[in-house]
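See below for the structure under consideration.
Any value given below was found using the heavy atoms of this structure, including those in side chains, with hydrogens, waters and symmetry copies removed. Atoms within each ligand, like the ligands themselves, are counted from 1 in listed order. Quick caveat: nothing in here was measured; it's all calculated off a predicted structure.
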Amino acid sequence: MASLSLKHIFKVYDGKVKAVNDFCMDIEDKEFIVFVGPSGCGKSTTLRMIAGLEEITAGELRIDDEIVNDFEPKDRNIAMVFQNYALYPHMSVYENMAFALRTAHEKKEVIHEKVMEAAAILGITEYLERKPKALSGGQRQRVALGRAIVRNPKVFLLDEPLSNLDAKLRAAMRSEISRLHERLGTTFIYVTHDQVEAMTMGTRIVVMKDGFVQQIDTPVNLYKYPDNVFVAGFIGTPQMNFFDGTVIKEGDDVTFNLDCGASVGMKYVQADKVPVKYMDGNHKVVFGIRPDDVRVKNDTNYDDGSWAPAKAVVSVVEVLGGETLIYANLNLNTPDAEEGAIIIKASPDTIVRRGDVLDIEISRRKFHVFDKETEMSIRKRIPEASYIRANVEDGKLTFEGQAFEMPSAVKCDNATDVETVIPISALTLGAGAGKANVQWVENVEGKNLYFLKVGDLTMFSLEEGEARFKAGDIVDFDIDFTKVGIEALGVAPINLTNTLDGTFTKEKDKSRKFYNFYMNVGTAKLIPTVPACEKIFACKGSKIFRTPLEYIFDASVVTVTPHEEGATDVLTGTVSEIRDYGFVRYATIDTEGQKVVAAYDGAVGDQVDLHVPAESIVIKDKSIDIIIA
Ligand code: ADP
């Protein structure tokens, strides 16, 4: 039994191939985690770093709260099962399973008991005397599992264990491994390139591509709420249908105009998670719909307005028995073209032929929308922000019949119809100058996502805990202007992440026997924590003294005090700007030729000392752009 924590894990091979980038994840005891992605995406490398078979370039790996970066594989209490089984060919099954226990000098009776128990769990008792070559692939894989089980490890690591088996056996072994996981009650981490395997086995799945984590979520959430085009296309068979196009809002109607010539229309409330800034008929978007969320029109179909009509011409029909897959095209002139191609999952009694023009219906609830350029979802389960068009009139922000006094920090020229971004965390309910009508409240993983009708628009707010309001309520709301952006007027959310260029140095102490280490920013010297020094030296050795670094810390950790002559372990500077937001004032402080932002009540020109707790400073190696402590 074990929990694992991976913090900013990087793997760089030979100083250049970045195989794994900034892998962060907490794994709870008893989880079944699957790493999935195409070949070369960094799955095995990550698994091998957990096993201790590959050195961790940077980052922190904990097992049960203990940092194990420098532990030998044998001291991590982990068992690994490989694709090629790695059995000893000259030993019997029994000997293979007993081997690790023998080398650990276990008592003979204990070994026998453990081997027999594992053999019984795996159903291989009758093969114990055989040599591996006299076993089938499935049986060999069971022996490999058995060899792991007898050691009673805290964590099971499995690297594509089924890929040498035929399809039928693979399916059987899949459920066997799932049952084994349940029975052993141990943390499993499983690597595969097969999304079906991932979906059927994982309690949570990590989708990777090109060394980067794309999304970490449960199988259901990955399927329903993919974060980007890659995850959307990778998870689910047949693949999601994708269409390039644009979207336009006209009054209460929203229309997705697809480049293939078709269009999908709906009411604004059905698409209101898509930021209105995309609904200008101009922005390139990708409309996605799964084959399961398209249906062939049928007079007996119930429709409460959730289905958009369309037409498609049939190209190929695949009768699979339980269901029929129809490969068609939304452009009726080009049944076989790639553009406009759509796969429809239909009931087995649907009779259609090539060339038929079908009336189909596309779900207005389960569609996906991505930004064409970034390929990120723009119909997220939790929208990032409300995007509105607002006016600025004499220090007031007005939109949809609302008016908010703007604090002096964001005072700007008058303007009309400018795009204003109000992040979901910046819209707070219960007090303030705004009034909204709660349309409904969606529970998203224990949080309440409020859909607020404000004039013609839907705006969003997210709260933890018990829902305080319900559909139909009229609520007051406020806006936190520290987070608001109005690009056209130069109003940007305040960046509270401070990043300072610096170096790491050592100096002999007074006794001339020991070294003191410092985080240097210009002439200022900050004292690092002991764990940070350990991590830095583990990662960089003495190269650290020649490495350009970035010291990163949040404004909230900084304490600002009047400057004192001779103060040590501080950054000293001069306040060059004060941004007053009413409830808080932030100062920009010039120090060592760089800038720091921190909450501060004084005035421009003040000489101040900045106290930054060393344990709150993240250290980044600028030369390879990775976090090292
Ligand atoms: P996956 O398991 O997802 O197929 P890997 O973790 O094996 O991917 O590999 C990730 C990347 O690291 C690939 O680009 C691969 O070529 C590279 N790589 C793997 N092992 C080594 C190695 N020992 N030396 C150099 N590059 C490697």
Decide yes or no on salt bridge (charged side-chain N to carboxylate O under 4.0 Å, His left out) for Lys30 and Glu28, but give the supporting numbers first. CA-CA 6 Å; Lys30 298 193 178 76; Glu28 281 172 36; over 6 Å; no
Basic-acidic side-chain contact under 4.0 Å: [X], [Y]:
X      : Y      : value
Glu60  : Arg62  : yes
Asp244 : Lys372 : yes
Lys273 : Glu442 : yes

Pairs of nitrogen or oxygen atoms closer than 3.5 Å, one from [X] and one from ligand 1: do any exist?
X     : value
Cys41 : yes
Gly42 : yes
Lys43 : yes

Polar side chain donor-acceptor pair, Asn498 to Gln594, under 3.5 angstrom: no
Answer yes if the side chains of Asn228 and Gln214 hold a donor-acceptor pair under 3.5 Å, and no otherwise.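 Distance-only check passes for Asn228 and Gln214.
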Nearest protein heavy atom with distance in Å, relative to [atom]:
atom                    : answer
atom 6 (O) of ligand 1  : Thr45 OG1, 2.5 Å
atom 7 (O) of ligand 1  : Ser44 CB, 3.8 Å
atom 1 (P) of ligand 1  : Gly40 N, 3.4 Å
atom 12 (O) of ligand 1 : Ala19 CB, 3.3 Å
atom 18 (N) of ligand 1 : Tyr13 CE1, 3.3 Å

What do you reckon, does Ser39 put a non-hydrogen atom under 4.0 Å from ligand 1? yes
Is atom 20 (N) of ligand 1 less than 4.0 angstrom from some protein heavy atom? yes
I need the single residue from Ile552, Leu526, Leu500 that forms a side chain to side chain contact (heavy atoms under 4.5 Å, CB included) with Ile617. Which is it?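 Output: one option passes, namely Leu526.
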